[in-house]
Amino acid sequence: MSGDRGAPRERRAAFPPTRKSLGQHFLSDRRILGRIADALQLQGGETVLEIGPGRGALTDILAERAGRLIAIEYDRALAAMLRERYARRGNVLIAEADVLEVSLGDLAAGPYVLVGNVPYYITTPILFHALAPPRADRAVYLVQREVAQRLVAKPGGKEYGALTVNVAAVARAETLFAVPAGAFAPPPKVESAVVRITPLATPLVTHEEEHRFRVLVQSAFGMRRKQMRRVVRSLFSLDAEQADTLLARAGIDGQVRPEVLSPEQFVGLMRAR
Ligand code: SAM
């Protein structure tokens, strides 16, 4: 399938060269694009932030449905092209920036929802970046299938890790539908899926605890094959007895590995410290 199918000839000719190093795999299947936009459940007045609008296939749909649309594109040539395309639309702003360098909350300056067919070379950093408050009311991402599996993984499996636990501490993740590699031009080497992330009304951790929690979880999964007794000794510079006391206080068996602990148990460990 050609990524430019359906585009007028003059617009096709005007596309800047594809930069694979920026994860540029363009989606042109209108049915899939429509389903991604539907997953945002827009009422019409929302501020929508789009990550990586690319050639604007999803942007075109969002511009019709959003109250205000801010699209963040790193590729200067694409950003310029989009700016020209939406010059007459007062509700669309094209921000030429590295999404990881901007505060999404500041850019939105109020409540917002987030969407993106994200560049796969930085999917996980983007997901972590978007967890920083003030968070989106909803976020819909097109990601590699493996990342989707990690987001919804259960304790004990090999996909369960720091990403799963950090997201689960503040939000609910769900996989909505699969997208085959052939739907993109050029096709990526991996299969993809659309996921939605919705913040919990009552997060497991407070804003003040979030940083400490993230460091704990990431450090623990850095030792995922070690027993928890060894993990806490190493993380908190404790002797064996202190480690056992801490784990007992948190209700965690010292012989289990980090990969079987639930998000709630990680929270318990952090608070028992
Ligand atoms: N949304 C378009 C679509 O569905 O066809 C394009 C998706 S493409 C997978 C990812 C887009 O993210 C590209 O346009 C790429 O230039 C852009 N991008 C790459 N790195 C970026 C970054 N650090 N910040 C913002 N956009 C980035």
Side-chain angles (χ1 to χ4, degrees), residues 1-7 11-12 14-40 48-66 69-86 92-104 106-108 112-130 132 136 139-148 176-195:
M1 188 189 305
S2 159
D4 302 340
R5 200 180 60 165
R11 204 159 100 189
R12 204 181 313 166
F15 286 143
T18 302
R19 294 173 65 184
K20 277 197 169 174
S21 63
L22 288 182
Q24 292 183 354
H25 299 278
F26 300 106
L27 201 53
S28 59
D29 185 314
R30 293 205 57 84
R31 200 181 60 89
I32 296 173
L33 290 161
R35 287 181 75 190
I36 294 172
D38 290 348
L40 272 179
V48 177
L49 260 57
E50 184 189 2
I51 299 171
R55 294 174 175 173
L58 182 59
T59 322
D60 282 347
I61 301 173
L62 297 170
E64 295 295 330
R65 299 192 191 177
L69 173 63
I70 303 171
I72 309 159
E73 174 57 59
Y74 184 72
D75 184 323
R76 173 164 296 182
L78 285 174
M81 183 200 82
L82 293 173
R83 214 170 269 139
E84 203 179 309
R85 188 188 307 175
Y86 298 112
V92 180
L93 174 78
I94 307 298
E96 184 193 320
D98 175 351
V99 64
L100 298 177
E101 297 292 325
V102 295
S103 156
L104 301 176
D106 285 353
L107 200 57
Y112 66 103
V113 299
L114 185 60
V115 64
N117 169 9
V118 298
Y120 289 176
Y121 73 104
I122 46 170
T123 304
T124 306
I126 289 174
L127 294 174
F128 273 107
H129 184 58
V140 173
Y141 302 104
L142 179 52
V143 297
Q144 305 90 308
R145 185 173 56 192
E146 290 67 24
V147 174
L176 300 181
F177 57 92
V179 177
F184 298 84
K189 291 199 172 69
V190 293
E191 296 297 304
S192 302
V194 174
V195 295

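Counting starts at 1 for both ligands and their atoms, in listed order.
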Ligand 1 N/O to protein N/O, distances under 3.5 Å:
residue  : atom   : partner : partner atom : Å
ligand 1 : 1 (N)  : Gly52   : O            : 2.8
ligand 1 : 1 (N)  : Pro53   : O            : 3.4
ligand 1 : 4 (O)  : Asn117  : ND2          : 2.6
ligand 1 : 5 (O)  : Leu27   : N            : 2.8
ligand 1 : 14 (O) : Gly54   : N            : 3.3
ligand 1 : 14 (O) : Glu73   : OE1          : 2.8
ligand 1 : 16 (O) : Gln24   : NE2          : 2.9
ligand 1 : 16 (O) : Glu73   : OE2          : 2.6
ligand 1 : 20 (N) : Tyr121  : OH           : 2.8
ligand 1 : 23 (N) : Asp98   : OD1          : 2.9
ligand 1 : 24 (N) : Val99   : N            : 3.0
ligand 1 : 26 (N) : Tyr74   : N            : 3.4

Spacing of Tyr74 atom OH and Ile51 atom CD1 [to the nearest 0.5 Å]: 15.5 Å
Point-to-point distance, once rounded to the nearest 0.5 Å, from NE2 of His129 to CD1 of Ile122: 9.5 Å
Leu62 side, atom CG; Glu50 side, atom CD - distance, nearest 0.5 Å: 5.5 Å
Derivation of the salt bridge (Lys or Arg N to Asp or Glu O under 4.0 Å) call for Arg31 and Asp38: CA-CA 10 Å; Arg31 200 181 60 89; Asp38 290 348; over 6 Å; no
Contacts of Arg35 that satisfy salt bridge (Lys or Arg N to Asp or Glu O under 4.0 Å) - sequence neighbours left out: none
From OG1 (Thr59) to CG (Leu69), nearest 0.5 Å: 6.5 Å
